Amino acid sequence: MHNIMEHIRGNIASCIRQAMHALAASGELPADVVDVLDGAAVPLEVPKDPKRGEFASPIALVAAKRARKPPREVASLIVRELMASGERKYVESAEIAGPGFINFRLSQQWAADTVALIRSKGPDYGRCDFGCGERVMVEFVSANPVGPLNVVNARAAAVGDTLVRLLDAAGYDAASEFYVNDAGRQVEVLAESVYARYMELRGEDYAFPEDGYRGEYVRDIAAQAMQDGSAAARLSAANADEARAFFREYALRHILDWQKRSLAKYEVRFDRWFSERELRETGAVEAMIGEMEAAGHTYKEDGALWFRSSDFGDDKDRVLIKSDGLYTYVAPDLAYHRDKLSRGFTKLIDILGPDHHGYEGRMQAGLKSFGYPDGALQVLLLQLVTLMRDGQPVKMSKRAGEFISMDDLLEEVPKDAARYFFIMRNTSSHLDFDLDLARAQSMDNPVWYIQYAHARCCSIFRQAEVAGISPDMWDCADLALLSEPSDIDLVRKMAGLPDEVLSAALERAPSRIAKYGMDLASVFHSFYNECRVISDDAALTAARLALVDAAKTVIANALQIMGIAAPERM
RNA sequence: GCGCCUAUAGCUCAGUGGAUAGAGCACCGGCCUCCGGAGCCGGGUGCGCAGGUUCAAUUCCUGCUAGGCGCGCCA
């Protein structure tokens with residue numbers, strides 16, 4: 001058993017089902033009342049207010065109409081049957097409340113077993129095999145290799161990496177990829193920009209391209225090439241075309257390495273950096289277009305080759321090959337997505353910035369035309385990020401060169417804080433990133449608050465060691481002694497991790513784990529204030545140390561999923 | 001004009017087809033002879049507007065209003 005809550009949920013549901021069948025059989029309820037159970041799970045929820053118990057069911061409200069009795073009366077019959085059932089496990093009491101809810105309270109044995117389970121699972125607690133090893137590919141960041149990573153890239157990196165960790169925890173075989181657009185126009189513009197700066201540094205008159213990249217880093221790259229002996233030698237012998245070609249490769253490698261370093265600092269890992277250029281070299285794009293033409297999904301117009309994407313749900317048709325003979329970005333991108341699916345990934349997730357939402361329709365249309373099922377590709381659109389300093393939005397303008405890159409951000413706030421802040425909101429919501437708060441080493445900072453809960457657990461163990469209490473003493477503790485409301489509140493919150501991980505993974509919602517971590521830390525701090533762990537009562541001390549050990553595990557596991565360190569001291 | 005996203009407490013945001021809609025910040029008041037006070041406890045007139053589906057809508061659907069973003073043979 002890896003999830004006690006799931007086990008109990010199943011047990012209660014089956015008890016309710018049996019109770020209703022028994023009532024229908026005995027004639028106390030109309031025979032057709034059991035129809036409400038058909039094809040649907042017995043409704044069971046975790047009440048918001050812990051005073052209502054661990055589980056609640058509105059089944060009596062749902063069944064009242066068929067039962068032709070008031071909900072509370074139906075509830076009372078179900079409770080009578082259920083409490084008489086020998087199948088019932090852990091349920092200590094079932095009460096009728098409000099309009100007809102049945103609230104289930106679990107026995108202390110449940111708390112004891114939960115603590116024991118968490119301690120035996122250790123780092124695996126919270127994980128499950130729901131995904132059955134299905135292969136899921138998450139593609140994120142995929143910034144053009146023409147400049148530094150920006151703040152939305154940083155959000156995408158934190159969200160994507162956490163999502164991969166979540167999917168992994170939920171039993172999927174999850175992989176991450178960064179698609180490198182190292183072919184195409186943007187790269188040429190970069191090459192021309194660096195070349196222009198190079199000429200400028202040499203004091204030659206050369207016009208900077210209209211749509212060129214004006215960042216200071218472009219000049220830096222040119223300057224570095226001039227100082228690099230072998231590069232300088234090659235440049236001095238080159239004509240303009242050769243120099244541009246040289247700078248294309250030089251700048252590309254330089255910027256790609258730079259982006260890789262930024263992400264490494266951020267502890268965001270990619271299983272693969274997939275090169276568009278290599279994809280083109282395999283002939284995959286040509287082959288794909290050939291098949292599309294053969295299938296009749298294309299037509300020629302105004303000298304360009306169009307994909308009939310509107311036949312597959314897109315707003316309008318899209319150009320694959322421009323009238324100048326070059327591919328648009330759509331063609332290689334489609335080939336890339338087809339490549340991912342051909343490698344055995346059955347689910348693709350793309351995390352995109354808000355300026356790319358139009359992209360989804362054409363990709364979905366493409367995959368549909370290839371015959372892949374609906375739902376093979378899921379696009380997660382991130383909304384914008386506003387950096388806040390002193391309560392004011394930080395103005396960013398590319399033109400004026402006022403621009404905060406991901407590197408700048410990570411110099412200002414710790415990596416753990418940045419990751420947390422970027423995932424703490426729903427991906428579909430605009431994000432206000434409070435730089436002052438993220439940097440603060442104080443109770444107001446949610447990251448510190450959670451990490452402090454972990455450090456506090458460790459501190460208690462250090463204290464226990466000083467008092468001469470060894471781990472084997474709490475390994476065999478009598479967990480039945482954990483009976484204070486604060487003990488149970490903590491256990492209840494810890495028991496929720498597996499459900500939380502699974503729903504966060506299925507909803508593609510890293511923010512849920514951020515919220516959970518915060519709530520867990522809060523319950524832990526309350527417990528700590530309410531219940532003394534190390535006391536004169538040796539048996540209770542042992543039980544509480546086991547509880548703290550479990551708490552430490554759960555906090556660490558939640559932080560691990562977010563890619564945030566779990567410090568022993570701060 | 002079309003498309004996507006958003007609208008919940010003074011502020012930043014959670015949340016769910018169900019019970020009395022939550023958290024943090026800010027503000028006010030308490031709690032250390034004690035495991036880290038980097039903490040805890042208490043204090044709340046809020047789901048943009050109008051319809052619809054439902055036993056039940058803040059949640060789902062439609063329309064409206066307001067804000068953000070996008071709408072290239074750029075990526």
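Excluded from the calculations below are hydrogen atoms, water molecules and symmetry mates; all remaining heavy atoms, backbone and side chain alike, are included. Please read these numbers as outputs of a predicted model, since none were measured by experiment. Just so it is clear: chains get the letters A, B, ... in the order the sequence lines come, proteins before strands, and each one is counted from 1.
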Could you tell me whether [X] atom [atom1] has more than 12 heavy atoms of other residues or ligands within 6.0 Å of it?
| X | atom1 | value |
| --- | --- | --- |
| A/Asp536 | CG | no |
| A/Glu360 | CD | yes |
| A/Glu507 | CD | yes |

Distance, rounded to the nearest Å, where [X] contributes [atom1] and [N] contributes [atom2]:
| X | N | atom1 | atom2 | result |
| --- | --- | --- | --- | --- |
| A/Leu380 | B/C5 | CG | C1' | 13 Å |
| A/Asp314 | B/C4 | CG | P | 13 Å |
| A/Leu381 | B/G3 | CG | C1' | 11 Å |
| A/Phe524 | B/C40 | CZ | P | 11 Å |
| A/Asp315 | B/G1 | CG | P | 17 Å |
| A/Leu540 | B/C35 | CG | P | 17 Å |
| A/Phe527 | B/C35 | CZ | P | 15 Å |
| A/Glu360 | B/C4 | CD | C1' | 10 Å |

Could you measure between the two [atom1] atoms, the one in [N] and the one in [M], and give it in whole Å?
| N | M | atom1 | result |
| --- | --- | --- | --- |
| B/U62 | B/C25 | P | 39 Å |
| B/C64 | B/C27 | P | 43 Å |
| B/A14 | B/A50 | P | 25 Å |
| B/C4 | B/C11 | C1' | 27 Å |
| B/A7 | B/G15 | P | 10 Å |
| B/U6 | B/G52 | P | 25 Å |
| B/C41 | B/C32 | C1' | 14 Å |
| B/G30 | B/C47 | C1' | 32 Å |

Counting the atoms with a prime plus P, OP1 and OP2 as sugar-phosphate, which does [X] contact under 4.0 Å by heavy atoms, base, sugar-phosphate, or nothing?
| X | result |
| --- | --- |
| A/Cys531 | base |
| A/Ala464 | nothing |
| A/Leu61 | base |
| A/Ser526 | sugar-phosphate |

Taking the minimum atom-to-atom distance to the side chain of A/Val62, which one of B/C55, B/A14, B/A19 wins? B/C55
Which nucleotide wins on minimum distance to the side chain of A/Tyr528, given the candidates B/G37, B/U12, B/C55? B/G37
Will you find, in the side chains of [X] and [Y], an N or O donor that is under 3.5 Å from an N or O acceptor?
| X | Y | result |
| --- | --- | --- |
| A/Tyr336 | A/Glu177 | yes |
| A/Gln441 | A/Tyr452 | no |
| A/Asp350 | A/His337 | yes |

For [X] and [N], is the shortest distance between a side-chain N/O and OP1 or OP2 below 4.0 Å?
| X | N | result |
| --- | --- | --- |
| A/Asn426 | B/C13 | no |
| A/Arg52 | B/U20 | no |
| A/Ser429 | B/A14 | yes |
| A/Tyr516 | B/A23 | no |

Listing time: all N or O pairs from protein to nucleotides 24-27 of chain B that are below 3.5 Å?
none

Using the side-chain contact (heavy atoms from CB on, under 4.5 Å) definition, which of the options A/Asn181, A/Val285, A/Asp333, A/Val187 pairs with A/Glu276?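 When A/Asn181, A/Val285, A/Asp333, A/Val187 are each tested with A/Glu276, the side-chain contact (heavy atoms from CB on, under 4.5 Å) holds only for A/Asn181.
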Would you mind telling me which of A/Asn144, A/Ile255, A/Leu256, A/Leu252 makes a side-chain contact (heavy atoms from CB on, under 4.5 Å) with A/Asp182? A/Leu252
In the strands shown, is [N] matched to any nucleotide by a Watson-Crick or G-U wobble pair with both distances under 3.5 Å, and which?
| N | answer |
| --- | --- |
| B/C4 | B/G68 |
| B/U54 | none |
| B/U45 | none |
| B/C35 | none |

Please list, for nucleotides 58-60 of chain B, all pairs of protein and nucleotide N/O atoms separated by less than 3.5 Å.
none

Would you jot down, in residue-number order, the residues of residues 414-424 of chain A having a non-hydrogen atom under 4.0 Å from RNA chain B? none
Relative to each other, are the rings of A/Phe274 and A/Tyr179 parallel, tilted or perpendicular (30° and 60° limits)?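 Answer is tilted, since the angle falls between 30° and 60°.
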Could you tell me how the ring of A/Phe433 sits relative to the ring of A/Phe421: parallel (under 30°), tilted (30 to 60°) or perpendicular (over 60°)? tilted
Taking A/Tyr217 for the side chain and A/Val146 for the main chain, is one N or O donor matched with an acceptor at less than 3.5 Å? yes
Specify the residue among A/Ala97 and A/Tyr452 whose closest nucleotide of RNA chain B lies further upstream toward the 5′ end.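 Per heavy-atom nearest nucleotide, the more 5' residue is A/Ala97.
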With nearest nucleotides of RNA chain B determined for A/Trp448 and A/Pro99 from heavy-atom distances, which residue corresponds to the more 5′ nucleotide? A/Pro99
Using a cutoff of under 3.5 Å, can you pull out all pairs of nitrogen or oxygen atoms linking the protein to nucleotides 67-75 of chain B, with atom names and distances?
{"residue": "B/C73", "atom": "O2", "partner": "A/Ser323", "partner atom": "N", "Å": "2.8"}
{"residue": "B/C73", "atom": "O2", "partner": "A/Ser323", "partner atom": "OG", "Å": "3.0"}
{"residue": "B/C73", "atom": "N3", "partner": "A/Ser323", "partner atom": "OG", "Å": "3.4"}
{"residue": "B/C73", "atom": "N4", "partner": "A/Asp302", "partner atom": "O", "Å": "2.9"}
{"residue": "B/C74", "atom": "OP2", "partner": "A/Lys322", "partner atom": "NZ", "Å": "2.8"}
{"residue": "B/C74", "atom": "O2'", "partner": "A/Gln186", "partner atom": "NE2", "Å": "2.8"}
{"residue": "B/A75", "atom": "OP2", "partner": "A/Tyr329", "partner atom": "N", "Å": "2.8"}
{"residue": "B/A75", "atom": "O3'", "partner": "A/Asn181", "partner atom": "ND2", "Å": "3.2"}
{"residue": "B/A75", "atom": "O2'", "partner": "A/Asn144", "partner atom": "OD1", "Å": "3.0"}
{"residue": "B/A75", "atom": "O2'", "partner": "A/Asn144", "partner atom": "ND2", "Å": "3.0"}
{"residue": "B/A75", "atom": "N6", "partner": "A/Tyr329", "partner atom": "OH", "Å": "2.8"}
{"residue": "B/A75", "atom": "N3", "partner": "A/His356", "partner atom": "NE2", "Å": "2.9"}

A/Arg456 NZ/CZ over A/Tyr528 ring centroid, <6.0 Å and within 45° of normal: yes
Residues two or more places apart in sequence or in another chain: which of them pass salt bridge (Lys or Arg N to Asp or Glu O under 4.0 Å) with A/Arg318? A/Asp314
I want to verify the glycosidic state of B/C49; is it syn or anti under the 90° rule?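 Anti, since the glycosidic angle lies more than 90° from 0.
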Where do N or O atoms of nucleotides 30-34 of chain B meet protein N or O atoms at under 3.5 Å, pair by pair?
{"residue": "B/C34", "atom": "O2'", "partner": "A/Arg532", "partner atom": "NH1", "Å": "2.3"}
{"residue": "B/C34", "atom": "O2'", "partner": "A/Arg532", "partner atom": "NH2", "Å": "3.0"}

Quick one, A/Tyr327 with A/Glu286, criterion side-chain hydrogen bond (donor to acceptor under 3.5 Å, both in side chains). Give me CA distance, side-chain angles, the key distance, then yes/no. CA-CA 10 Å; A/Tyr327 296 131; A/Glu286 283 172 81; 4.9 Å; no
To the nearest 0.5 Å, how far apart are CG in A/Leu279 and CD in A/Glu281?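 Rounded to the nearest 0.5 Å, the CG-CD separation comes out at 9.5 Å.
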